[in-house]
Amino acid sequence: GLVEIFKVTTDFSVSLTPAGYAFIEDYSRSLVSDGETAFVAMWFSESMEIPYKTAIKVAIEGCNYLPIRIDEVPHHDRIDDRILRAINECKFLVADLTGQRGGVYFEAGYALALRKPVIWTCKDTDFENIHFDVRQYNCIKWSNESDLLNQLEDRLVSLFGRKIKE
């Protein structure tokens, strides 16, 4: 019942049924894991190193997840393939919109298409520049690293119920 086969003169035509489309969608979802990692999409600027290392990374690790930032992953294959695979394998994605990088928007959109939770963050000085397509999402507006750490920890605990390491 997944396909329909039609004979047209000497040729055959095959098409998916609604059940076939549903099967493919379910099967595709089964290929996407909900692992113990969190993908971090952000601007790779020197100005964002301290917020990443002292807030984003600490909050994710404090909730017993492994943060994956693609520039920290050793590899020799195509970077795009590594990014998509890491997003497929993650439990959730943290998208920091500071700097308004196109790649961050793309990676967050890909995660949303996979029905992965996306936690949006942005430094208060760049908050007004967030693209209108994502303004409807609840975005953490942070002013400093301590503020980002506290708000991100609270969000992660509320979403995933993980106990923060002390």
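Count residues from 1 along the sequence.
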Non-hydrogen atoms of K116 and K91 that approach each other most closely: CD-O, 4.2 Å

With sequence neighbours excluded, residues passing side-chain hydrogen bond (donor to acceptor under 3.5 Å, both in side chains) with D71: R69

Residues forming a side-chain hydrogen bond (donor to acceptor under 3.5 Å, both in side chains) with T17, sequence neighbours excluded: none

Note, I140 side chain near R155 side chain (heavy atom, < 4.5 Å): yes

Side-chain heavy-atom pair E36, N64 within 4.5 angstrom cut-off: no

Common cluster, F12/V3, ILVMFWY with side-chain heavy-atom separation under 4.5 Å: yes

Nearest-0.5 Å distance that lies between atom CZ in R101 and atom CG in L97: 12.0 Å

Same apolar cluster: F6 and Y21, side chain cutoff 4.5 Å: no

Trace of the side chain to side chain donor-acceptor pair (under 3.5 Å) decision for D147 with N144: CA-CA 5 Å; D147 183 32; N144 58 49; 5.8 Å; no

Under the side-chain hydrogen bond (donor to acceptor under 3.5 Å, both in side chains) test, residues paired with T9 that sit two or more places apart: none

Full working for side-chain contact (heavy atoms from CB on, under 4.5 Å) between E4 and V14: CA-CA 6 Å; E4 292 179 331; V14 178; over 6 Å; no

Student check: side-chain heavy atoms of I70 and I79 closer than 4.5 Å: yes

Heavy atoms of other groups near L66 CG, more than 12 under 6.0 Å: yes

Any Y110 side-chain heavy atom under 4.5 Å of L93 side chain: no

Contacts of type side chain to side chain contact (heavy atoms under 4.5 Å, CB included), residue K141, not counting sequence neighbours: D124, F127

Donor-acceptor under 3.5 Å (T98 side chain, K123 main chain): yes

pair R115-L112: side-chain heavy atoms closer than 4.5 Å: no

A19 to L2 - nearest heavy-atom pair and separation: O-CD2, 3.6 Å

Same apolar cluster: V104 and L84, side chain cutoff 4.5 Å: yes

Gap between atom OG of S13 and atom CG of D11 - 0.5 Å precision: 9.0 Å

Exam field: side chain R85 to backbone D80, donor-acceptor pair closer than 3.5 Å: no

From I119 atom CD1 to Y137 atom OH, the distance as rounded to the nearest 0.5 Å: 12.5 Å

F106-M42 co-clustered via ILVMFWY side chain contacts under 4.5 Å: yes

Between CG on residue N129 and SG on residue C122, distance to nearest 0.5 Å: 7.5 Å

Residue pair F92, Y65: steps toward the ring pair (Phe, Tyr, Trp, His ring centres under 6.0 Å) verdict: CA-CA 10 Å; F92 61 92; Y65 289 98; 5.1 Å; yes

For the student: nearest non-hydrogen atoms of V118 and A108, plus distance: CG2-O, 3.8 Å

Set of side chain to side chain contact (heavy atoms under 4.5 Å, CB included) partners for P67, sequence neighbours left out: V40, Y52, K57, I60, E61

Check: D126 side chain, G99 main-chain N or O, donor-acceptor pair, under 3.5 Å: yes

Minimum side-chain heavy-atom gap N138-W120 below 4.5 Å: no

Shortest non-hydrogen separation from C63 to V157 and the atoms involved: SG-CG2, 4.1 Å

Exercise: identify the closest heavy-atom pair between I130 and Y105: CA-OH, 3.7 Å

Identified side chain to side chain contact (heavy atoms under 4.5 Å, CB included) partner of L149 from the options I56, V58, T54: V58

Beyond-backbone contact of V94 with F39, side-chain heavy atoms, under 4.5 angstrom: no

Residues in side-chain hydrogen bond (donor to acceptor under 3.5 Å, both in side chains) contact with N150, at least two apart in sequence or another chain: none

Min side-chain heavy-atom separation V73-R82 under 4.5 Å: yes

Whether over 12 other heavy atoms sit under 6.0 Å from Q136 CD: yes

